[in-house]
Structures are given as C-alpha cells and as structure tokens.
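Heads up, the thing below is written out as structure tokens.
Chain A is the first sequence line, chain B the second, and so forth, proteins listed ahead of strands; every chain is numbered from 1. Because only heavy atoms are used, hydrogens play no part in the values below, and waters and symmetry mates are left out as well, while side chains stay in.
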Number of protein chains: 2
Amino acid sequence: MDLFVSKYINKIDKKGRVSLPSSFRNVLPKANRNEIILYKSIKTPSIEGCGVGRLKEIAKRINNLDFFSEDYDDFSTSIFSEIITTNIDKEGRFLIPEELKLYASIKSEAAFFGQGHYFQIWEPKKGLKNTEESRRRLLKEKKSLRMMLTQQK
Amino acid sequence: MDLFVSKYINKIDKKGRVSLPSSFRNVLPKANRNEIILYKSIKTPSIEGCGVGRLKEIAKRINNLDFFSEDYDDFSTSIFSEIITTNIDKEGRFLIPEELKLYASIKSEAAFFGQGHYFQIWEPKKGLKNTEESRRRLLKEKKSLRMMLTQQK
DNA sequence: CATATACCCATTGACGCCCATATAATCCCA
DNA sequence: TGGGATTATATGGGCGTCAATGGGTATATG
C-alpha cells in the first residue's frame with residue numbers, strides 16, 4: 001500500500017521522540033525513508049506531513065491557483081516558508097518541532113491520521129473530534145460520500 | 001467469478017483471527033491477495049471490506065477534488081483515516097481491528113455477506129436479521145423487484 | 001561547556017510465519 | 001459410477017520477529 005491510511009495514537013517520550021507509525025514509514029520511498037517534511041495545516045490546528053517527494057506536488061497545486069490572487073501569496077507563504085524537514089532515527093522515531101507542537105496543542109501523545117498522499121498529526125482528542133465533524137458534514141450529503149466509496153470505475 | 005457473493009459464518013479464534021472465505025480470497029487480484037481494506041459501513045452497524053485496488057480508485061477520485069476546498073479535507077479524513085488495511089496470512093486469515101469489532105458488535109463469530117464489488121462483515125444474528133429486513137423491504141415493491149429479476153438485457 | 005540530538009541497546013507485547021489436524025470437497029481409476 | 005485417495009478449507013497452537021517504547025551514552029553545535 002502506497003498511501004497513508006488509518007489512524008494511530010503514539011506516545012511522545014521524555015526526549016520528545018515519537019514513532020512514525022510503521023505503515024506510514026513504508027509509504028516513504030526506500031531512498032528517503034529517513035526524512036519527512038512537516039508544516040502547519042492551513043485549515044486546522046494540526047500538523048501535516050509527508051515524504052520529501054511530495055513537495056513538488058504541493059508546489060504544483062499552489063501554482064495552479066490564480067497567481068495574482070491573495071490566496072496565492074498566502075498559501076505559498078504559509079506553506080513553503082513554514083516547511084520543516086525532520087530526520088527519522090533507526091527506530092523509526094522523529095522529533096516534532098516545538099513550534100508545531102504548540103500550534104497543534106500536542107503534549108504527551110500524537111494522533112496520526114492517514115490522508116492518502118499525506119498525513120496529519122493531531123492532539124488526540126482534537127483529532128477525533130475533527131473526524132466526527134468531518135463525517136457529520138459529509139453525511140449531510142449522503143449521496144456524495146456513498147458515491148465516493150461505492151462507485152465503480 | 002470476480003464478485004463477492006454468498007454468505008459464510010466463520011469463527012474468530014483466541015488470537016482474534018478469522019478466515020476470509022476462500023471464495024472471497026479468490027476475488028482478490030493475485031497480486032494483492034494478502035491484503036484487504038476494512039471500514040465502518042455508513043448505513044449499518046457492520047464492517048465493509050474489499051481489495052486494495054478499490055482504495056486506489058477512491059484515492060484518485062479524492063485527489064481530483066479542489067485541493068483547498070473543505071470537501072477535500074472532509075473526504076480524505078472520513079475515508080483515509082477511517083480505512084484500515086489488514087494483512088491476510090498464508091492460511092487466509094486476518095485480524096479484525098478492535099474498534100471495528102466494537103462498531104459491529106462482533107465477538108466470537110463473523111458473518112460474511114457478499115455484496116458484489118465489496119463485502120460486509122456482521123455479527124451473525126444481526127446480519128441475518130438485516131437480510132430478512134432487506135428482503136421484506138424489497139417485496140413491498142414487488143414491481144421493481146420483478147423488473148430487476150426478469151428484465152432481459 | 002551545556003544543551004540538543006543521534007546512535008546503541010533493552011524490554012514488552014503484538015503479529016506473522018510455520019506446522020498440525022479435522023472436516024469437506026474433488027478427483028481419479030477400476 | 002462407486003468409493004478410496006488426494007486436495008482444499010477452516011481452525012488451533014508454538015515460536016520467532018518486529019513495532020512501540022524507554023533509557024544510557026557519544027557527538028555535535030553554538
């Protein structure tokens with residue numbers, strides 16, 4: 001499986017280390033399996049992360065925005081200037097930078113949420129609450145969620 | 001046969017393992033025959049499952065949504081973070097995650113119901129009851145059922 | 001020199017792999 | 001075509017490996 005899926009809650013130890021879930025590590029290309037990038041989510045108080053390869057994809061997405069719009073500057077500033085690369089140790093752990101932990105209110109535990117081509121890191125309670133709210137919003141339009149899950153190609 | 005059909009009731013052993021019915025295993029592509037995805041059914045207290053190929057389809061569809069829209073986040077959160085991949089061992093068994101067992105009230109036995117391109121896993125009694133109710137609902141609209149069953153292509 | 005970070009080692013529990021058996025389905029040949 | 005032989009499926013259990021976690025120590029960096 002080459003997608004970030006499922007959710008995991010891992011502990012942050014005294015040294016600030018936390019294990020990147022094993023299934024997430026396996027999504028990273030074998031070449032750069034010891035490095036990920038992290039940045040503040042634009043829309044939620046969470047951290048987003050992915051392999052370094054995904055940077056190009058993000059750049060493309062932002063490039064597709066209207067160059068002269070306010071959004072363009074806002075997104076490129078918010079994302080690119082805030083990106084932090086982190087190393088993963090031999091045991092599969094990494095350090096969440098203090099600034100990002102503050103942004104996401106993360107203290108002793110980190111909840112990892114698969115998002116397909118990237119993942120999010122939440123303070124566990126906030127993350128679960130966010131999942132519920134997302135689902136509630138979507139269920140208001142049952143048809144679209146069903147379609148997404150059951151449609152045949 | 002490349003569809004999930006028929007129903008089976010299998011036991012869950014001490015370790016939590018349960019056999020995926022052989023005919024279901026044969027529906028999975030030989031390439032990814034050792035992995036399936038599971039998620040909570042939207043409309044019923046049951047688990048739905050299918051091969052990983054379907055997940056990639058879903059990923060593609062979500063990826064085509066506007067990256068910066070709220071829908072994008074809602075879909076990827078509700079789907080990717082809720083999906084769980086499980087491995088199938090050499091004997092054709094897999095583990096049903098605790099959270100999903102709770103959701104479906106599954107304890108010692110699991111009932112598998114073929115649903116064509118996917119399948120459902122139920123607590124046996126609930127599953128059979130659901131089948132009856134489904135059929136009863138259909139019979140109330142005999143006309144449409146007749147049409148469905150007798151129509152020639 | 002002080003703090004932060006990487007590396008190494010250890011522990012625990014969960015999971016995957018292997019082997020075994022009983023029942024059911026299929027085959028195969030006289 | 002009957003019936004024994006072979007294969008497949010569902011199920012049980014032992015055991016090694018890996019993931020998550022904790023901690024000691026070396027190293028780097030300012």
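The listed nucleotides are D:dT11, C:dG16, D:dA19; the one nearest the side chain of B:Lys11 is D:dT11. Nearest to the side chain of A:Asn10, among D:dG14, D:dT21, D:dT9, sits D:dT21. Nearest to the side-chain atoms of B:Arg25 among the listed nucleotides C:dC7, D:dA10, C:dC19 stands D:dA10.
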Any N/O pairs under 3.5 Å between the protein and nucleotides 15-18 of chain D? List them or say none.
none

Please list, pair by pair, any protein nitrogen or oxygen found under 3.5 Å from a nitrogen or oxygen in nucleotides 1-4 of chain C.
none

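Closest approach of A:Leu20 and A:Phe119 over heavy atoms only: CD1-CZ, 3.9 Å. Between B:Asn63 and A:His117, the shortest heavy-atom contact is OD1-CD2, 3.6 Å. A pairwise comparison of heavy atoms in B:Leu38 and B:Leu95 identifies CD1-O, 4.4 Å as the closest pair. Nearest heavy-atom pair across B:Tyr39 and B:Cys50 is CE2-SG, 4.4 Å. Annotation for B:Leu100 and B:Lys40: closest pair CD2-CG, 3.6 Å, computed over non-hydrogen atoms.
In this structure, B:Asp89 atom CG and C:dA14 atom P are separated by 18 Å, rounded to whole Å. Distance NZ (B:Lys90) to P (D:dT9): 16 Å, rounded to an integer number of Å. Spacing between atom CG of A:Asn34 and atom C1' of C:dT5 amounts to 15 Å, rounded to whole angstrom units. Counting to the nearest Å, the P atom of D:dA19 and the CZ atom of A:Phe112 are 15 Å from each other. Look at CG on B:Asp13: it is 12 Å from C1' on C:dC15, rounded to the nearest Å. Regarding A:Ile12, its CD1 atom lies at a distance of 15 Å from the C1' atom of D:dG22, rounded to whole Å. If you take CD of B:Glu35 and P of C:dC15, they are 15 Å apart, rounded to a whole angstrom. If you measure from atom OH of B:Tyr8 to atom P of D:dA10, you get 8 Å, rounded to the nearest angstrom.
Counting only distance, with no hydrogens or angles, the side chain of B:Arg33 and the backbone of B:Arg25 share a donor-acceptor pair below 3.5 Å.
Here B:Lys14 does not reach the OP1 or OP2 of D:dG12: none of its side-chain N or O atoms lies under 4.0 Å away.
A:Lys43 and B:Glu70 are not joined by a salt bridge, as no carboxylate oxygen comes within less than 4.0 angstrom of a charged side-chain nitrogen. With salt bridges taken as basic N to acidic carboxylate O contacts below 4.0 Å, one links B:Lys60 and B:Glu57. Salt bridge annotation for A:Lys7-B:Glu99: present, with a cationic side-chain nitrogen under 4.0 angstrom from a carboxylate oxygen.
A donor-acceptor contact under 3.5 Å is not formed by the side chain of B:Arg17 with the base of C:dG16. In this model, a side-chain donor or acceptor of A:Arg93 finds a partner on the base of D:dG22 within 3.5 Å.
Here A:Leu20 lies in heavy-atom contact (under 4.0 Å) with sugar-phosphate atoms only.
Nearest-nucleotide positions on DNA chain D for B:Ser19 and A:Ser23 put B:Ser19 closer to the 5' end.
Annotation: A:Phe113 is not in aromatic contact with A:Phe4 [ring centroid separation under 6.0 Å not met].
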